[in-house]
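Below is one structure, written out as structure tokens; comments come after it.
One-based numbering along the sequence shown.
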Amino acid sequence: MTLWRQVPAALTDDTLDDAERTRIVARGAAQLATRRAPEGRRATPDDVMDAAFHEFDLLLDTDQARTALRCD
């Protein structure tokens, strides 16, 4: 399943534990942050945390954001 099918599914799937849900949604936020970064600039953990909060109502910490960026 592609990431963009996994993210909405993770947001509504009651069978996932919080850690797995957060991991999937954080990867989606990292991908959004990377795509939205101005040309020539890499997305930062702050960009990922901002995307997660504004797009998915999810609060990430810096470590979660960094991990998601490495997976992207």
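For R42, the CZ atom is loosely surrounded, since the number of other residues' heavy atoms within 6.0 Å does not exceed 12.
The two residues A43 and L69 come nearest to each other via the heavy atoms O-CD1, 3.7 Å. Q64 and L59 make their closest contact through OE1-O, 4.2 Å (heavy atoms, listed as atom of the first residue, atom of the second, distance). In terms of heavy-atom proximity, L32 sits nearest to A51 at CB-CB, 4.5 Å. L60 approaches M49 most closely through the heavy-atom pair O-SD, 3.3 Å. Closest approach of R27 and A68 over heavy atoms only: N-CB, 4.0 Å. Across all their heavy atoms, V48 and A29 have their closest contact at O-CB, 3.7 Å.
The shortest side-chain heavy-atom distance between T34 and Q31 does not fall under the 4.5 Å cut-off.
In this structure a side-chain-to-backbone donor-acceptor pair under 3.5 Å is present from D47 to T44. Here the side chain of R21 pairs a donor or acceptor atom with the backbone of D13 at under 3.5 angstrom.
Under the 4.5 Å side-chain heavy-atom criterion for ILVMFWY residues, no single connected hydrophobic cluster contains both F53 and L11.
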